[in-house]
Amino acid sequence: MLSIKNLHASVEGKEILKGINLEIKAGEVHAIMGPNGSGKSTLSQVLAGNEAFEVTEGEVTLNGENLLELETEERAREGIFLAFQYPVEIPGVSNLQFLRTAVNAMRQHKGEGEMNAAEFMKLAKDVSKQVDLDPAFLKRGVNEGFSGGEKKRNEVMQALLLQPKLAILDETDSGLDIDALQVVSNGVNALRAEDRAILMVTHYQRLLNHIVPDYVHVLAGGRIVKSGGRELALELEERGYGWLGIKDEEAANSAN
Amino acid sequence: MATTDKEVNELIKREYEHGFITEIESDTFEPGLNEDVIARLSAIKKEPEWMLEWRLKAYRRWLEMDEPDWAHVGYPKVDYNSISYYSAPKRKEDMPQSLDEVDPELLKTYEKLGIPLHEREKLAGVAVDAVFDSVSVATTFKEPLAKAGVIFCSISEAVRDYPELVQKYLGTVVPHGDNFFAALNSAVFSDGTFVYVPKGVRCPMELSTYFRINAANTGQFERTLIIAEDSSYVSYLEGCTAPMRDENQLHAAVVELVALDDAQIKYSTVQNWYPGDENGKGGIFNFVTKRGACIGKNSKISWTQVETGSAVTWKYPSCVLRGDNSVGEFYSVALTNNFQQADTGTKMIHLGKNTSSTIISKGISAGKSSNAYRGLVKFGPGAEGARNFTQCDSLLIGDRCGAHTFPYIESKNKSAIVEHEATTSKVSDEQMFLCRQRGIEPEQAVSMIVNGFCKEVFKELPMEFAVEAGKLLEVSLEGSVG
């Protein structure tokens, strides 16, 4: 489904991704782990099309189509979804209006009719329950005054509504207590499907106890330095990143 | 980041859609202003002697005044002798007796603007006075309103038909020498709307005036007077458009509102005068004095304005809260784009006991425009227990525009309470990225974010117009992202 070949990207002239290679098939769940500054978030932003990052080399295809040629919103309509690490507030725009606009943009792209307000309300209420969010949240401004945990649940709810082909979860577990982590994980597990891939970016192994990945990759210094199965994450938890010989590089990166 | 700012600025570029010119034969005065011109104007309108006297008094006062230069705007000097002070579409009889006699070209013009005047297609529940250049060309729903005792007519008719009412109130809220532009208007005002709501009457429908400037090199100087007697209620809305012309045109209006005991006036404006082109060429100079007097106890005046047009705007709809417990409100959305400049806000003058006022101002600046809020909250010695709440929010789109806030507070009463909140924010790259990542078009995203920002003000507009206002913002913003 998603194929990344020799991807290089930089921000403000500084190269962050230095040749990423990754193949993700439909139905698979991949986890990307790595120390701070390794390029995990950059990878998710680049895939979603954030223009702050410049792709300098390499290619990315989604089901054979060149993703890098598409605008952010076109990628979204082709099925790329990014759950943000720090979801931004849009004051005065209700969650409901925002989500309905998004869902209808997707439906229009697929040649389906727009959903009216009543139909959408029903759907949104059902989905909000799946992530244990009070439907009253739908009427509030987008992320306006939401707690960290509520913002994350709101992101997962959007993934459930938009039914993407590839869901990228950027540190969706950060800042969550154990109960909230369970709720968010249940939401993500509900997303798992044969025709959908999930790419999780995380710092901690604990998320992977709840959402069990098929593959784990270690990102360091802008490259994938090791790939393996579920057991790789456990090994990282036990031994840290040092045994992979990337400790120095991490230190160098954070010194920058 | 630069890419997104460029996009946002692209989005704001959209064609002004009311820029067409109506080909119609007009009677237009030669440019220039002197006492003869004023006398001719007064004669054409068959005005009584006192009206001409009043005009001349204002003119003589105006000659001694200087154009104000304190506003945060810059524009080339207006040559008041190069403007024509009267232009009216030609017609056979003096006044059209019914809509059937109105020139079809004019009816077509208003239809194109979305304001059908025909009996059959009239806006449901909204009575319209249509002012074209210097004259009122049609007023709808006059009869049902008359049944309720409401007078809704052009100010020229009112001067002739209800002289005692006009004489009693004209100039009581905005005196003829109040300021430079008000004095000019008092001397040369050509038409406008007059509303009188008798005691205890709730006006059965929305009243509105649609102002259209058409002729070149003319100024529009309309005058509106609304009187709400004891325990009455009226909601009034005005809309304004003009053709696209390379020369600047002057619009200097005066609006006076009078609310007696327990009366309520709600005055809404959707101002979309031609703003000039994307290089700042042409556009309307909108120099307007609007003021309401809450004379009676428990009276209330609410101003709601959505200002998206004009090259330069100088406008401060104000309330003089004389009656005890009277309430003044000002809700404003002012959007500037390209080279537009706006200096707008309000004055809340608290004189009576327990008077209260609310100011909610939302300024949106895009392109290379400049947008200033200027507000005065004043408490007189007798304003025991008075209070004001002010909230001024500015939203910036792109990085070449400016937003300014000039709040003034003067208090001569220690018990008065003032609250002031102000924020400045930007349509951020992060907000745009979130919306686009969810599949939403950039244009739609900007429009959604801006509409969200304005929500508190839009909910004050009459329902039919809240939707219009949202659409208008969308149009004015088009081209600001791309």
Side-chain angles (χ1 to χ4, degrees), chain A residues 11-12 44-45 47-54 70-95 97-110 140-144 151 154-155 157-159 161-164 167-168 170, chain B residues 1-8 10-11 331 333 360 362-364 391 393-397 421 423-460 466-467 469-470 473-474 477 481-482:
Chain A
V11 63
E12 287 162 4
S44 32
Q45 298 278 325
L47 292 177
N50 188 338
E51 290 159 1
F53 299 89
E54 195 193 348
L70 301 180
E71 297 286 348
T72 305
E73 59 274 15
E74 292 168 334
R75 296 184 197 191
R77 290 176 210 143
E78 290 300 329
I80 301 269
F81 178 93
L82 172 62
F84 287 83
Q85 184 178 3
Y86 304 110
V88 66
E89 297 186 3
I90 309 181
V93 176
S94 77
N95 226 358
Q97 184 196 355
F98 173 73
L99 297 175
R100 191 170 146 228
T101 307
V103 166
N104 279 336
M106 303 286 186
R107 289 177 67 97
Q108 198 184 6
H109 177 69
K110 288 185 218 152
R140 290 186 27 193
V142 177
N143 293 316
E144 215 181 341
K151 283 182 181 172
N154 198 27
E155 293 294 293
M157 177 175 85
Q158 292 176 36
L161 265 177
L162 295 169
Q163 298 281 310
I168 305 165
D170 191 0
Chain B
M1 272 139 249
T3 35
T4 317
D5 279 347
K6 195 181 114 241
E7 289 175 351
V8 173
E10 280 299 307
L11 240 199
Y331 300 100
V333 166
I360 309 278
K362 305 275 181 180
I364 303 146
Q391 185 188 329
D393 299 324
S394 306
L395 183 70
L396 303 173
I397 302 176
E421 290 175 8
T423 65
T424 301
S425 52
K426 272 194 79 168
V427 172
S428 71
D429 295 338
E430 288 77 18
Q431 288 172 330
M432 289 300 291
F433 185 51
L434 169 62
C435 292
R436 294 178 62 192
Q437 211 300 304
R438 298 301 185 250
I440 300 168
E441 283 293 320
E443 285 87 354
Q444 210 179 354
V446 167
S447 153
M448 193 163 69
I449 294 166
V450 170
N451 267 289
F453 175 74
C454 300
K455 197 159 128 188
E456 278 166 284
V457 173
F458 284 171
K459 72 179 201 298
E460 296 296 328
V467 180
L473 277 194
E474 218 167 283
L477 278 168
V481 177

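Just so it is clear: chains get the letters A, B, ... in the order the sequence lines come, proteins before strands, and each one is counted from 1.
- For B:Y331 and B:F458, the gap between ring centers reaches or exceeds 6.0 Å.
- The residues A:E78 and A:K110 are annotated as not salt-bridged, no charged nitrogen and carboxylate oxygen being separated by less than 4.0 angstrom.
- Both the backbone and the side chain of A:F98 come within contact range of chain B, judged by heavy atoms closer than 4.5 Å.
- Between the side chain of A:N143 and the backbone N or O of A:V88, at least one donor-acceptor pair lies under 3.5 Å.
- Within 6.0 Å of atom CD in A:E144, more than 12 heavy atoms from other residues, nucleotides or ligands are found, so the atom counts as buried in its surroundings.
- Using a 4.5 Å cut-off between heavy atoms, A:L99 makes no contact with chain B at all.
- A donor-acceptor pair shorter than 3.5 Å can be found between the side chains of B:Q391 and B:D393.
- Judged by distance alone, with hydrogens and angles left aside, the side-chain atoms of B:E460 form no donor-acceptor pair with the main-chain N or O of B:V457 at under 3.5 Å.
- Heavy atoms closer than 4.5 Å to chain B are found in both the backbone and the side chain of A:I90.
- With a threshold of 4.5 angstrom between heavy atoms, A:V142 approaches chain B through side-chain atoms but not through N, CA, C or O.
- Chain B forms more heavy-atom pairs under 4.5 Å with one residue of A:Q158, A:Q45, A:E73 than with any other, namely A:E73.
- If you measure heavy-atom distances from B:E456 to chain A, you find no contacts under 4.5 Å at all.
- With chain A as the partner, the residue from B:Q431, B:R438, B:M448, B:E441 showing the most heavy-atom pairs under 4.5 Å is B:R438.
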